[in-house]
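Written below as structure tokens is the structure these notes are about.
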Amino acid sequence: MSGLGSDGDAAARDWSRRLGWAFGLVADDPAVRAAALARLGRASRNAEDALDRWNELWQLTLPLGPQEQYQETAFRHALDVYSVACGHCLPQGLWSEHPGVDITAWRGLPYGLLFLEWEARYPREWTGHAKAWSAKESLIRKLAVPGHDETVRTKLTDLVELVVRRAYRCKDREYVRVARAVDGEDLRRRLGAAAEATDPWARVHAGYVLWLLDRPEVPNTRHVWRTWLAGDPH
């Protein structure tokens with residue numbers, strides 16, 4: 001166990017300082033979500049203002065040449081200010097520390113999961129304030145690996161269940177990767193319940209994911225999906 005002065009704990013405190021407020025985005029209380037959305041709005045405006053300033057200095061220092069430009073004090077300062085401002089936003093703040101090869105040890109993992117949970121639970125608010133399909137796709141693909149602890153596996157299982165029970169949204173098909181990575185009794189029980197739900201989309205989507213889990217060699221392509229829908233998955 002690391003001590004309080006460890007680099008890991010310092011990094012965790014930095015993540016919390018920058019983005020700890022963002023857990024309010026998935027709160028059940030509408031007032032808490034509204035406060036978090038307002039804070040995100042302020043952070044996003046700060047980042048946009050910092051970007052405008054950096055772009056202005058980029059134009060002014062362009063005649064210096066690329067090497068000299070990045071050595072110019074005001075230009076470098078404006079870039080630093082923009083980078084810091086992005087660190088307090090979503091999804092930009094997720095990339096302030098590269099996840100690296102082992103996503104299970106990434107210190108930003110709780111915030112990456114938060115970003116996906118926000119999109120899954122409150123898609124309209126996510127779309128209006130932080131729509132980023134490429135970030136969603138990238139996170140899902142990075143998270144779709146074995147080796148997560150039980151807390152993360154449960155969260156990923158929750159996400160798969162949420163997604164199969166709603167109407168399709170862009171990049172949702174990537175969650176099949178997650179389902180295969182966390183396949184187990186709990187996930188299959190939840191998918192089985194969704195496959196018996198009254199909602200037709202939940203039944204179809206859950207049935208398809210269960211079918212794919214039984215056939216790990218089958219790729220999750222549009223052709224496979226359409227063939228399965230047509231009732232001839234072989």
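What's counted below: heavy atoms across the whole structure, side chains too, no hydrogens, waters or symmetry copies.
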*Min side-chain heavy-atom separation Leu143-Leu159 under 4.5 Å*: no
*Using the test salt bridge (charged side-chain N to carboxylate O under 4.0 Å, His left out), find all partners of Arg121 that sit at least two apart in sequence or belong to another chain.*
Asp28, Glu117
_Under the criterion salt bridge (Lys or Arg N to Asp or Glu O under 4.0 Å), I'd like the reasoning laid out for Asp199 against Arg166: C-alpha separation, chi angles, the key distance, then a yes or no._
CA-CA 9 Å; Asp199 181 79; Arg166 72 174 185 190; over 6 Å; no
*State whether the side chain of Arg18 and the backbone N or O of Gly87 hold a donor-acceptor pair below 3.5 Å, judged by distance alone.*
yes
*asked:* Parallel, tilted or perpendicular: which one describes the rings of Trp225 and Tyr208, with boundaries at 30° and 60°?
replied: perpendicular
*Measure the shortest side-chain to side-chain distance between Asp149 and Thr104 over non-hydrogen atoms and say whether it is less than 4.5 angstrom.*
no
*asked:* Using 30° and 60° as the class boundaries, would you call the ring planes of Trp106 and Trp95 parallel, tilted or perpendicular?
replied: parallel
*Pick out which of Val163, Val164, Ile140 makes a side-chain contact (heavy atoms from CB on, under 4.5 Å) with Asp172.*
Val163
*Do Lys171 and Glu174 pass the salt bridge (Lys or Arg N to Asp or Glu O under 4.0 Å) test, and can you show the C-alpha distance, the side-chain angles, and the key distance before you say yes or no?*
CA-CA 6 Å; Lys171 306 302 181 181; Glu174 300 293 339; 5.7 Å; no
*Taking the side chain from Ser16 and the backbone from Ala12, do they hold a donor-acceptor pair closer than 3.5 Å?*
no
*Evaluate the criterion salt bridge (Lys or Arg N to Asp or Glu O under 4.0 Å) for residue pair Asp186 and Arg153; output intermediate values, then yes/no.*
CA-CA 10 Å; Asp186 184 33; Arg153 283 179 60 89; over 6 Å; no
*asked:* Give me each pair satisfying side-chain hydrogen bond (donor to acceptor under 3.5 Å, both in side chains) with a member in residues 66-92, each pair once, sequence neighbours excluded.
replied: Thr61-Gln69
_Any residue meeting salt bridge (charged side-chain N to carboxylate O under 4.0 Å, His left out) with Arg173, in chain and number order, not counting sequence neighbours_ = none
*asked:* Using 0.5 Å steps for rounding, measure from the CZ atom of Arg203 to the OG1 atom of Thr198.
replied: 7.5 Å
